[in-house]
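Please read the structure below before turning to the comments.
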4 protein chains.
Amino acid sequence: MTRAGAERQTVGPKAKRNAERSRRAILDAALVEFSEFGHAGARIDNVAERAGVSKPLIYSYFGDKEDLYTAALREAYVQIRAGERTLDLQSKDPEAAIRALVGFTLDHFRSAPWFISMLNTENLRGGSAIRRIEDVSEIQSPLIDELRKVLRRGEEEGVFRPDVDPIELYITIASLFYFPLSNRHTLSTVFGCAITDEWLEQRRVEAEEMVIRFLRPEPAGRR
Amino acid sequence: MTRAGAERQTVGPKAKRNAERSRRAILDAALVEFSEFGHAGARIDNVAERAGVSKPLIYSYFGDKEDLYTAALREAYVQIRAGERTLDLQSKDPEAAIRALVGFTLDHFRSAPWFISMLNTENLRGGSAIRRIEDVSEIQSPLIDELRKVLRRGEEEGVFRPDVDPIELYITIASLFYFPLSNRHTLSTVFGCAITDEWLEQRRVEAEEMVIRFLRPEPAGRR
Amino acid sequence: MTRAGAERQTVGPKAKRNAERSRRAILDAALVEFSEFGHAGARIDNVAERAGVSKPLIYSYFGDKEDLYTAALREAYVQIRAGERTLDLQSKDPEAAIRALVGFTLDHFRSAPWFISMLNTENLRGGSAIRRIEDVSEIQSPLIDELRKVLRRGEEEGVFRPDVDPIELYITIASLFYFPLSNRHTLSTVFGCAITDEWLEQRRVEAEEMVIRFLRPEPAGRR
Amino acid sequence: MTRAGAERQTVGPKAKRNAERSRRAILDAALVEFSEFGHAGARIDNVAERAGVSKPLIYSYFGDKEDLYTAALREAYVQIRAGERTLDLQSKDPEAAIRALVGFTLDHFRSAPWFISMLNTENLRGGSAIRRIEDVSEIQSPLIDELRKVLRRGEEEGVFRPDVDPIELYITIASLFYFPLSNRHTLSTVFGCAITDEWLEQRRVEAEEMVIRFLRPEPAGRR
DNA sequence: TATGAATGAGTATTCATTCAT
DNA sequence: AATGAATGAATACTCATTCAT
């Protein structure tokens with residue numbers, strides 16, 4: 001293969017690899033930028049700089065700002081779904097499975113802080129972008145079905161009460177960490193309550209306890 | 001002199017040139033605009049139009065966009081604190097007091113949706129504005145002390161377990177409604193779970209139950 | 001005189017005195033503001049604040065910004081002309097008279113720095129305001145005629161050469177101080193030559209010498 | 001290849017997208033605009049139009065208005081320094097060298113009228129911009145050292161008196177033309193003394209004479 | 001005589017987006 | 001595949017000026 005030939009082959013493996021690398025860099029940069037400044041606050045200039053590419057390249061790969069934002073939002077979901085898939089709830093006894101989900105939720109919120117920010121941003125905007133995502137299966141959680149099975153097993157074993165909605169349970173678990181993490185700054189200023197790692201570890205224990213207690217069958221004779 | 005008559009006198013000829021009225025109109029408009037579009041997305045032009053005043057008036061009353069935003073954020077807190085002050089927790093038995101707080105939290109989040117949006121916006125921005133608010137006492141919650149007393153009474157009556165931190169309890173209650181309300185749009189798209197009034201009423205019941213169960217002393221012999 | 005009567009008498013001596021005081025305060029403030037920031041840079045707001053009056057009062061007394069500027073410019077001339085009238089050139093021998101004028105020029109430039117600034121500003125603007133001043137006699141210098149007499153006397157006494165134009169002489173004297181004073185800031189930065197009081201005193205001596213040498217008849221045999 | 005042809009090639013297809021050309025056009029336009037209207041009076045819109053570029057291009061090349069102004073001020077100095085470097089004082093006898101400098105000063109003030117205007121503007125503003133210019137060597141005059149040598153030579157030849165400060169001499173020469181040129185408009189209105197080309201030619205002669213006389217050693221026996 | 005309230009018409013500056021190579 | 005050069009359309013903010021009392 002001559003040198004000139006290699007240069008000509010614009011769709012060759014090398015070029016493709018570069019293209020893929022650029023795409024990836026842009027997407028990562030966009031995720032950071034949008035989560036840091038929101039949709040209106042994000043700057044295409046910054047994304048280009050962070051990604052180490054020129055602005056026209058962004059436009060040629062992703063379309064306009066709205067499209068780039070949508071891609072970043074989708075990516076945030078793709079990441080959490082990938083994490084969720086590594087959880088193996090069915091191999092654990094029901095209580096342990098719930099505790100594992102609680103723990104994973106906290107861990108992901110902390111290690112991928114852009115996820116919370118992207119949710120905030122998207123909901124501030126009324127969800128206009130998420131509705132436009134086409135490949136919905138990518139963003140839907142595989143956990144709901146898993147959770148349903150866990151709840152059924154727990155019910156059969158007599159450790160969980162019946163009729164718990166897996167979606168609501170999923171929402172409840174997310175809720176317990178979302179608020180303190182999302183509102184770190186206001187909480188620390190208003191209540192002087194810094195959301196430190198220690199605070200969160202303590203919270204993890206209490207959240208597990210809270211969820212488990214809530215799932216337990218009502219002890220006979222109470223209330 | 002009728003009440004209506006008294007109001008007329010104030011609204012009468014002075015209506016067009018009334019500093020206090022203008023200030024109020026601007027603040028209300030800013031709260032709506034900022035909560036709807038976030039800090040970067042909000043437009044001073046829109047605020048002026050909504051308030052029915054000219055842009056220069058906004059600048060002369062509040063300073064620049066950042067200052068106006070800070071004033072709107074403060075106002076959001078002032079509103080919720082005013083609501084909290086109307087709760088009379090000490091006149092209720094401990095469990096009823098907790099249920100009242102749970103109910104109030106949901107009601108305020110729904111009736112003043114800009115509160116959640118402002119929190120989202122401010123935390124996206126890293127809390128830079130809230131730290132600049134000077135009269136902190138206006139934004140701090142009077143409920144923490146009230147809650148502490150309630151918890152102590154509940155402990156003395158044997159219905160609550162000891163050592164519950166009032167701030168954490170307050171955060172937990174807020175958490176349970178904040179996530180589903182704040183993430184209405186993504187939840188409905190991703191889980192097909194519309195956060196309707198019915199859903200929220202159901203949630204109110206479950207949240208009360210959850211909090212109460214969490215506060216109950218561990219029944220002897222369990223775990 | 002009843003109290004009510006006193007209040008009614010809006011054109012009475014008290015009112016007039018206040019009006020006169022306000023006018024004066026505005027004019028002084030305008031002179032400072034315009035000389036400090038130039039025509040475009042000056043702010044009516046600042047003038048009002050400096051003068052301790054409201055903006056509408058300025059408009060009612062002086063008209064618009066242009067008119068106020070013109071009044072301030074005129075005032076700058078009125079002040080220097082008043083100073084010039086106190087010089088009594090004819091009582092001095094010709095050389096002393098010239099030295100007195102040199103000294104006065106430097107002193108006025110220093111004690112009324114707004115004069116130089118107003119000249120700068122007005123000439124930057126192409127002299128549009130000064131041409132509109134109506135009462136020209138107020139701004140014309142009484143010194144030209146005085147100077148002409150001095151030059152004639154000097155010529156008759158044989159200490160000055162003939163045919164010196166008094167206007168050009170006047171310009172020359174002004175020139176020697178105007179440049180270093182007007183360009184204080186650039187000179188000190190570019191040449192590291194601070195225009196201090198000492199520097200100026202030295203300059204006064206040299207300027208006197210320079211002017212006198214220039215006026216002297218050419219010694220026979222030179223050149 | 002003819003010279004014209006060479007120029008064509010440069011102006012040809014690249015003419016529309018040529019950073020250096022655009023920069024130059026903006027700088028020239030800024031110099032004209034700022035010198036014509038001062039700092040506060042200058043309009044970025046006008047600069048863009050004069051330069052034939054869009055406003056954003058100005059901002060991307062020069063920063064904000066203040067930065068553009070500073071660049072224009074620097075340019076004014078760069079121009080006069082370039083002119084000064086073409087003077088070859090050492091090849092002339094001392095008197096001729098002084099006359100050459102006097103002539104050059106007048107010529108530059110007339111052919112580059114923005115220089116005087118920029119000095120006026122900058123000094124009105126207190127010299128805040130010139131202090132920020134970093135590459136000071138570009139704005140400092142190479143003439144001071146040249147002048148020192150000339151003065152020494154003149155002293156040795158007995159045509160100049162000793163101990164003349166070159167900076168002060170430089171200032172004096174500038175002074176003699178600066179005032180009448182800078183104050184053209186007020187002088188013509190107040191004294192009816194139009195600063196025409198004839199007036200200036202006459203002034204050139206007198207200024208030369210004045211400076212030379214001032215530099216001459218005091219004839220023995222006078223004063 | 002005097003002013004607090006209010007605004008129309010700008011003016012500097014920004015930013016998503018496209019052009020030409 | 002990639003980018004430096006360039007801009008139209010906003011957007012925050014200002015300021016001379018007037019209104020209503």
Side-chain angles (χ1 to χ4, degrees), chain A residues 7 9-12 14-23 40-48 53-61 63-66 68, chain B residues 13-14 16-23 40 42-48 53-61 63-66 68, chain C residues 7 9-12 14-19 21-23 40-48 53-61 63-66 68, chain D residues 13-14 16-23 40-48 53-61 63-66 68:
Chain A
E7 275 170 345
Q9 260 185 338
T10 34
V11 266
K14 227 186 207 162
K16 218 169 195 175
R17 223 176 302 135
N18 275 348
E20 190 46 46
R21 195 180 307 158
S22 293
R23 247 195 92 85
R43 299 289 166 250
I44 298 289
D45 260 309
N46 289 351
V47 175
V53 303
S54 68
K55 282 186 289 177
L57 201 67
I58 296 178
Y59 283 89
S60 87
Y61 280 175
D64 66 11
K65 187 185 188 183
E66 187 71 24
L68 180 60
Chain B
K14 286 181 182 176
K16 277 234 162 152
R17 304 247 159 176
N18 183 320
E20 193 44 50
R21 180 181 304 267
S22 296
R23 246 195 93 85
R43 300 288 168 249
I44 297 288
D45 264 319
N46 289 349
V47 175
V53 303
S54 65
K55 280 186 289 175
L57 201 67
I58 296 178
Y59 285 92
S60 93
Y61 281 173
D64 65 10
K65 188 183 185 182
E66 186 72 24
L68 180 60
Chain C
E7 275 170 345
Q9 261 185 335
T10 34
V11 266
K14 226 184 204 162
K16 219 170 195 174
R17 222 177 302 136
N18 275 346
R21 195 180 306 159
S22 294
R23 248 195 91 87
R43 300 289 166 249
I44 298 288
D45 260 309
N46 289 350
V47 175
V53 303
S54 67
K55 281 185 290 176
L57 200 68
I58 296 178
Y59 283 89
S60 86
Y61 280 174
D64 66 11
K65 187 184 187 183
E66 188 70 25
L68 180 60
Chain D
K14 285 181 183 175
K16 277 233 160 153
R17 303 245 160 179
N18 183 321
E20 193 44 49
R21 180 181 304 268
S22 296
R23 246 195 93 86
R43 299 289 168 248
I44 298 288
D45 266 316
N46 289 350
V47 175
V53 303
S54 65
K55 280 186 289 175
L57 201 68
I58 297 177
Y59 284 91
S60 92
Y61 281 173
D64 65 11
K65 189 184 184 181
E66 185 71 24
L68 180 60

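Convention: sequence-line order gives letters A, B, ...; per-chain numbering from 1. As the structure is a prediction and not an experimental result, all values here were calculated from the model.
For the pair B:Ile44 CD1 and F:dT11 P, the interatomic distance rounds to 12 Å; values are reported in whole Å. Atom CG of A:Asp45 and atom C1' of E:dT14 are 10 Å apart (whole Å). When rounded to the nearest whole Å, the span between CZ of D:Arg21 and P of F:dA5 equals 14 Å. The CD-C1' distance, from D:Glu66 to E:dA12, rounds to 13 Å in whole Å. Going from atom OH of B:Tyr59 over to atom P of E:dG10 covers 18 Å, rounded to whole Å. The nearest whole Å value for the distance from the CD1 atom in D:Ile58 to the P atom in F:dT7 is 10 Å. Atom CG in C:Leu68 sits about 16 Å away from atom P in F:dC15, given to the nearest Å. Rounded to an integer number of Å, the gap from C:Asp64 CG to F:dA16 C1' is 9 Å.
Comparing B:Lys55 and D:Leu57 along DNA chain F, the residue whose closest nucleotide (by nearest heavy atom) sits nearer the 5' end is D:Leu57. Residue D:Glu20 is the one, among D:Glu20 and C:Arg43, whose nearest nucleotide of DNA chain F lies closer to the 5' end (criterion: closest heavy atom).
A:Ser22 and A:Tyr61 get closest at one heavy-atom pair: CB-CE1, 3.8 Å.
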(message) If you apply the rule side-chain contact (heavy atoms from CB on, under 4.5 Å), what do you find for C:Val53 with C:Val47, and how did you get there?
(response) CA-CA 9 Å; C:Val53 303; C:Val47 175; over 6 Å; no
(request) Would you check, one step at a time, whether the test side-chain contact (heavy atoms from CB on, under 4.5 Å) holds for B:Tyr59 with B:Leu68? (result) CA-CA 8 Å; B:Tyr59 285 92; B:Leu68 180 60; over 6 Å; no
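As judged by a 4.0 angstrom heavy-atom cut-off over every strand, D:Ser60 is placed among residues making no nucleic acid contact. Residue contacts shown for B:Ala42 are limited to sugar-phosphate atoms, with no base heavy atom under 4.0 Å away.
The side chain of B:Ser22 places an N or O atom within less than 4.0 Å of a non-bridging phosphate oxygen (OP1 or OP2) of E:dA6.
In this structure, CD1 on D:Ile58 lies 11.5 Å from NZ on D:Lys65, to the nearest 0.5 angstrom.
Looking at the side chain of B:Pro56, the nearest of the listed nucleotides F:dT7, F:dC15, F:dT3 is F:dC15.
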